[in-house]
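Computed from a predicted model, the values in this text were never measured in an experiment. Order of listing sets the numbers, starting from 1, for every ligand and every atom in it.
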Amino acid sequence: MCGIVDYIGDKQAQPILLSSLSRLEYRGYDSCGIAVSSSPPRRIEAYKDAVRVEALAKMVPQLGGTAGIGHTRWATCGEPSQVNAHPHCDCAGNIAVVHNGVINNFQRLRQQLTSEGHNFVSETDTEVIPHLIEKYYDGNLEKAVEAALRDVEGSYAIVVLMAGEPKLVAAKKDSPLIIGIGDRENFIASDVPAILDYTNRVIYLEEGDIGVVTKDNIKIKRDGTEVSRKEHKILWSIEEAQKGGYEHFMLKEIHEQPKVIRDTLGEYTSSAEPVVDLARIRDEGIESMLILACGTSYYAALVGKYIVEELLRIPVRVEIASEFSYYGQTLARTGAIVITQSGETADTLKAVKRLKEVGCRVVAITNVVGSSASRIADQTIYTRAGPEISVAATKSFTAQLMVLYWLAMGYSKADARRLATMLLGLRQLPSKVQQVLDNEAIILEHAKYLSKYENVFFIGRGINFPVALEGALKLKEISYIHAEGYAAGELKHGPFALLGENTPVIAIVAQDNTYEVMLTNIKEVKARKSPLIALAEEGDEAIGELADFVITVPRVDALFSPVVNTVALQLLAYYTAKERGCPIDFPRNLAKSVTVE
Ligand code: M6R
C-alpha cells in the first residue's frame, strides 16, 4: 500500500527522502515521488513518476532544501502514471500533499472546486486536498489544513508542505502516521522501517490528530486543543530491517524463524503475568471464542481453532475479517481475538471497531508496537517476529502460532503430564525448524520440478488443513502459479475433475488421527495420475511407496506439526518463485499492509 516519508531538519532533504522511500518499497507500490521546499527561491520542486525509487533517484536533479515530502503510491483511484503519482499540488504549485487512504466524496469536492476556478490535472481523489488547502489558506497553513479536512469524508494520513513555511503539517484519520523524533530534525512516516536509519524514537498520531512539525518542535492538536502523545522506543534494529546477506527479505525472514520462536516464547515464559487475562474472561461468562483475521493471519487463526478447542475445550469460530460485517453475528458470551501482523489491515480494524460497538472485549495479537489494532483493542499481545519486510508473511505466521500455543497451554484443561510434554516440545521447536531449514537444498530440487506447472493443489486434514491453505497462498502470491488449498476429503467433491498429469498435488501427511485416511486420499489422487509430492515426517516408511517425491520434516507433537510443515512450504514457494524469476519480495499487485477495504 502507499507509503509516506517526510523530513525537516538541518540536512538536505532529497537524499534522506530517496533512501527512506526505498525502505518503504516492501509495502508494494507502482509509482513514487518527492517534493522539496527550496530556498531561495521559495518554491516547491516536485518530481514523480510511475517508476521504482531507484529510477526516480536518477531522474531528480540536485534539489536544495531541508524540508520535503515523499510517497510511494499503490494505485486505487486512477491508473499508475506520472500525473497520478504523489505529491499533488495546488494551482499555484505552492502547496504539496502526500496522502494515504481514500477520499470518498472527492467527485463532489472536485466539481465544486472546478466551478470555483481550480484546475485539476490527475484522476486521483488526493488532488482535492491541496486545492482545498489553497482555497482556505489566509496566511495560516495549519488552520487551512483543518478547514480543508472538515470538507473531506474518508480515510487519510496526509502530510502538507508549503513553499516558504518552515514546517510540515500532518493529519491522520483511519490510516497510520508516525512522527520520528531526531536531534534538530524530525520525520513523519507511514511506518517505522522508513525512518529506522535515523531514529528509533516515535510518536503514533491518533485519530483526528493534526501535527505541526518543525525541525526542533512537534505540536499535536485534536479538535483545536493541544494534546500530548506518548513517545515509544522502537526495539527493532536497522539490521533487522535489512537483508543481511540474503538474496531476498523473504528468505532471510524464513531463516529467522528459530530465533522468532525463541524470542516469542522467551517473552511469555519469562513473564510473571499471564499472557491474557482469561480468568477475567471466564468471570465474564465467556463460553466461546471468535478469532478474526485476513490472509495468512487468518490461516494462523484457523490453526488456533484446533489448538484452543483441543486444549481449552471451548468452541472457537474463525471468520475472515472482511466478511464479518455481512452476517447476523451472535456474540453473546463470546471472547474475541484479532490477529494482524501489521496491526493496520483496514478490514481487520473495521471488524475490531464493530466488535467493540457490540460490547465485545477484544484481544489483539499483532507484531507492531503502537499499531492501530493495539490502540483500539482492550488488550494486546505482541508477537516478537521483528520487522517483516517481504510482502509474503512467513515469520509472523510462526510467531502468531507461538502466541496461540502459549495462550491455550496457559489455560488448558489437559492434564499436567500432557502439558509438560507439550512444553518440552515447544522448547525443541527452534531446533526442529532449523532441521527443516537445513533441508533447503532438497526442497530446492522439488521447487525446480514444481516451477514448470501452472496449477497445483495443496491438501491437508485436521490441524494441517489450514497449512494447506497457507501453502497454496504462499505459492500463488510469489510464484504466480495458480494454487488451491483443500481439505483432503473435499477433492472428490469436485476438484477431482481437474486432476491429471499436469496438476501436481502436495499432500501434508501428519502422524495424527488423519494419517490413515490421508493415505487413502493420496491413493485416490495417484489413481487420477496427478504427480504427488508428500510432506511427511521422518520415519514414515509407507509414504515413499505412494508419493512421487517426499519432503521429510522432523517428527514433532502433532499439535506443533503446522509449524514445521509451514516452514517447509514457505521454502518450497520461495524456491519455486525464484526458479520462475519472480520479484519475490514485491509480488505484482500486492501490498504488505492493506490499508483499504
Ligand atoms: O498485517 P496482517 O496480518 O493483518 O495482513 C493480513 C494479510 O494481508 C497478509 O497476511 C497477506 O495475506 C500476506 N501477504 C500473505 O503472505
For ligand 1, which atoms have a heavy atom of [X] less than 4.0 angstrom away?
X: Gln341; answer: 1 (O), 2 (P), 3 (O), 4 (O)
X: Val391; answer: 13 (C), 14 (N), 16 (O)
X: Ala393; answer: 15 (C), 16 (O)
X: Ala392; answer: 16 (O)
X: Ser297; answer: 2 (P), 3 (O), 10 (O)
X: Lys474; answer: 15 (C), 16 (O)

Mind checking whether [X] and [Y] have parallel, tilted or perpendicular rings, split at 30° and 60°?
X: His248; Y: Tyr574; value: perpendicular
X: His232; Y: Tyr204; value: perpendicular
X: Phe560; Y: Tyr405; value: perpendicular

Carboxylate-amine/guanidinium proximity below 4.0 Å for Glu256 and Lys395: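 The answer is yes: the pair qualifies as a salt bridge.
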
What protein heavy atom sits nearest [atom], and how far off is it?
atom: atom 1 (O) of ligand 1; answer: Ser342 OG, 2.7 Å
atom: atom 5 (O) of ligand 1; answer: Thr345 OG1, 3.4 Å
atom: atom 7 (C) of ligand 1; answer: Cys294 O, 3.8 Å
atom: atom 8 (O) of ligand 1; answer: Val594 CG2, 4.0 Å

Best match, Thr366, Thr296, Thr394: closest heavy atom to atom 11 (C) of ligand 1: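 Nearest heavy atom to atom 11 (C) of ligand 1 lies in Thr296.
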
Under-4.0 Å heavy-atom contact with ligand 1, by part of Glu477 that carries it: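 Only the side chain of Glu477 comes within reach of ligand 1.
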
Atom NZ of Lys356 with >12 non-hydrogen neighbours under 6.0 angstrom: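 More than 12 within 6.0 Å, yes.
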
Rounded distance [0.5 Å steps], CD1 in Ile181 versus NZ in Lys233: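 One finds 11.5 Å between CD1 of Ile181 and NZ of Lys233.
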
Spacing of Glu319 atom CD and Leu302 atom CG [to the nearest 0.5 Å]: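 Interatomic distance, Glu319 CD to Leu302 CG, rounded to 0.5 Å: 10.0 Å.
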
From CA spacing to verdict: ring-ring contact (aromatic ring centres under 6.0 Å, His included), Tyr449, Phe549: CA-CA 10 Å; Tyr449 169 81; Phe549 308 99; 4.6 Å; yes

